[in-house]
Structure formats: C-alpha cells, structure tokens
Number of protein chains: 2
Amino acid sequence: MAVSDPRAGEAMCPYRLVLEHVTSRWGVLVLIQLLDGPHRFSELRRAIGRVGRGVSEKMLTQTLQTLERDGLVHRDAKPVIPPRVDYSLTVLGREAAQQVRALAEWTRDRMGDVEKARLAYDEARQA
Amino acid sequence: MAVSDPRAGEAMCPYRLVLEHVTSRWGVLVLIQLLDGPHRFSELRRAIGRVGRGVSEKMLTQTLQTLERDGLVHRDAKPVIPPRVDYSLTVLGREAAQQVRALAEWTRDRMGDVEKARLAYDEARQA
DNA sequence: CCGCATCCGTATAGATACTG
DNA sequence: CAGTATCTATACGGATGCGG
C-alpha cells in the first residue's frame, strides 16, 4: 500500500510503515520541498515537477494525506473560492525532512562514485 | 521501476534514481542489516523477515543487484557447492546505510507521536 | 541444497479525465 | 485550484526451473 489510502495497512511492524511513508518516492520530495516553507498544492506539484518527471495529482494527494495522518505535514484549507490549501511541516515533520534532505544531498554528492560503479558493473557483464 | 532491473530507468534526474534505490522498501532494510556485517543471501532474507513480513527471494535478488550496481553493496560469490554468496557494504554503501539507519531509528523513537497524530486524524473525520 | 532467473496473478502505483 | 473517479501500467509475491 505504501502511500495509498491513509488508513490502510495493518499487519506489519508499525514503524516500518511510517518509514515507508517518509522514504516513499513522493514523500521524500514533498518533505524536502516543504523545508523551504509552506506551499500550496499546485506549488508543490510544480516544484517537484522541476526535478525530473513530476507527480500526478493523485499521488500528491495520497502522499500528503498519508503524511498528514502521520502528523508530519499540516494542512490548512482556507474556505475561499477558488479553494486555497497550504501545506507545511509540523515539528515532527521537520525532523524527518531534515534527515531525508541530508540523505538526498549525500546522494547528489556521491553521484560520481555511483556512475563509476555502474560503468564497472555493466562492463564486467558485457556479453 | 524502483528496484527492478538494475539497468533500466533513464529519463529522470539521475540522483533521484539512486535515492529511490536507497530508500526503496527493501533497500532500506538490506542496508541497515548489512551494517551488522557481511551476510549470506539466506541470512539476509531471514533477518529481514524477522521484522514484519519478509522479502521474497525475487525482490531480495533485485534489490541486491541494484545496490551492487550502484556501488553500495559488494557481492562475493564463492565457487563452492552448495553455492555461498556473501554480501557486504562498500565504503559508499556504509555511508548511505548509516544515514538510513538514523532515519529508521528516528522513526522508531517517534512512533508514539505518530500514533497520537493518527488517532486525532481519524477521529476528526469520523463520519 | 543454494542462489538466482522466469512466468504468471494480483495488488498497488501512477496517469488522465472529471467534479465542485 | 484542490481533490476524486476511473483506467492502465508495473511492482511485488508465489511457484517453478536450473545450474552449480
């Protein structure tokens, strides 16, 4: 189930579930982006879209709902027309986001080594 | 594609791809487990199985191949019968694994807050 | 026997079209 | 603009096969 329905998903060591929410494909990117400060739904979508291929509306919704239910993201829906919803990190969410960002930055810094390893790997099993 | 075929998956900012490998469902658990030291294939499978629902052989194989190709995991196949294959972290992999473990430990520590948030969330939208 | 490849069925991720 | 319904693609697990 991963990031799908916020409620689903018993029958597993509960902390692993939260870990999966935090490390999920879009969860990672949402958390990092929200470290910048609050964002509207579309802002998030656009911001994430800028790096590689973007999120679909559905996945962003699901991800946000899951993170909100876990208490990592705060949702502030203003009753105006057109609707305006702002998302931000809770204190808990900020702690998680910082760790996730550190991991993301590490990955970027080490990309060179990874590419090199991949070349070696692919070359080694060149048929 | 996530953790599937080690080679697949162009058309995306490359570091995000590595991040997905590292944070993938089984990648996380493999990396953490290998911080303990080298493990055989079956040892990994059993060790991971102990927490919640375990990995299938297929997914463990895929995960290990992907991580090996990224230069995070070292594979040492001894030409004996019955076959024995030992997996261990590379220097690069150890760096990643430590960050991942930190995140996992944070998650365990904060489970209480998460559970509380979930209760509030579920109660708030009690139909 | 163990590590791993492959085929298939199913659950879930994910894209697109639609609603208020 | 924010979110939902519907449909398709794919990740994942299970069973099977096979070489060492």
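Lettering follows sequence order; numbering is per chain, from 1.
- Regarding B:Lys58, its NZ atom lies at a distance of 19 Å from the P atom of C:dG3, rounded to whole Å.
- Regarding B:Glu20, its CD atom lies at a distance of 13 Å from the C1' atom of D:dA11, rounded to whole Å.
- Regarding contacts with the backbone of C:dG3, a side-chain N or O of B:Arg40 is found under 4.0 angstrom from either OP1 or OP2.
- Between the CH2 atom of A:Trp26 and the P atom of C:dA15 there is a distance of 6 Å, rounded to whole Å.
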Would you mind writing out the side-chain donor-acceptor pairs for residues 107-114 of chain A within the sub-3.5 Å range, not counting sequence neighbours?
| unit_1 | atom_1 | unit_2 | atom_2 | d |
| --- | --- | --- | --- | --- |
| A:Thr107 | OG1 | A:Leu103 | O | 2.8 |
| A:Arg110 | NE | B:Glu95 | OE1 | 3.1 |
| A:Arg110 | NH2 | B:Glu95 | OE1 | 3.0 |
| A:Arg110 | NH2 | B:Glu95 | OE2 | 2.9 |

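- Taking atom CE of residue A:Met59 and atom P of nucleotide D:dT8, one finds them 18 Å apart after rounding to whole Å.
- For A:Glu68, there are no salt bridge (charged side-chain N to carboxylate O under 4.0 Å, His left out) partners two or more places apart in sequence or in a different chain.
- For the pair B:Gln65 and C:dA5, the criterion of a side-chain N or O lying under 4.0 Å from OP1 or OP2 is met.
- Under the rule for a side chain to side chain contact (heavy atoms under 4.5 Å, CB included), the partners of A:Lys58 that lie at least two apart in sequence or sit in another chain are A:Ser56, A:Gln62.
- An OP1 or OP2 oxygen of D:dG3 is reached within less than 4.0 angstrom by a side-chain nitrogen or oxygen of A:Tyr87.
- If you check distances only, the side chain of A:Glu57 never reaches the base of D:dA5 with a donor-acceptor pair under 3.5 Å.
- Here B:Thr23 contributes atom OG1 and B:Arg16 contributes atom CZ; the two are 11.0 Å apart, rounded to the nearest 0.5 Å.
- Taking the side-chain hydrogen bond (donor to acceptor under 3.5 Å, both in side chains) definition, one finds that A:His74 meets it with nothing, sequence neighbours left out.
- The side chain of B:Val85 approaches C:dG3 more closely than any other nucleotide in the set D:dG13, D:dC1, C:dG3.
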Each nucleotide N or O in nucleotides 18-20 of chain D that has a protein N or O under 3.5 Å away: list the pair and distance.
none

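- Atom CG in B:Leu60 sits roughly 16 Å away from atom C1' in D:dA11 (whole-Å rounding).
- Separating the NZ atom in A:Lys78 from the CZ atom in A:Arg40 is a distance of 10.0 Å, to the nearest 0.5 Å.
- The separation between B:Glu43 atom CD and C:dC1 atom C1' is 16 Å, rounded to whole Å.
- When the C1' atom of D:dG3 is taken as reference, atom CG of A:Leu44 falls 14 Å away, rounded to whole Å.
- Residue B:Ser56 has a polar side-chain atom (N or O) positioned under 4.0 Å from OP1 or OP2 of D:dG13.
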Can you give each donor-acceptor pair under 3.5 Å made by side-chain atoms of residues 85-94 of chain B, sequence neighbours left out, with the distance rounded to 0.1 Å?
| unit_1 | atom_1 | unit_2 | atom_2 | d |
| --- | --- | --- | --- | --- |
| B:Asp86 | OD2 | B:Arg84 | NE | 2.9 |
| B:Tyr87 | OH | B:Arg75 | NE | 3.4 |
| B:Thr90 | OG1 | B:Gly71 | O | 2.7 |
| B:Thr90 | OG1 | B:Leu72 | O | 3.2 |
| B:Thr90 | OG1 | B:Leu92 | N | 3.4 |
| B:Thr90 | OG1 | B:Gly93 | N | 2.9 |

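- With D:dG13, D:dG3, C:dG14 as the choices, the nucleotide that has an atom nearest any side-chain atom of A:Thr61 turns out to be D:dG3.
- Going from atom CD of B:Glu68 over to atom P of C:dG3 covers 15 Å, rounded to whole Å.
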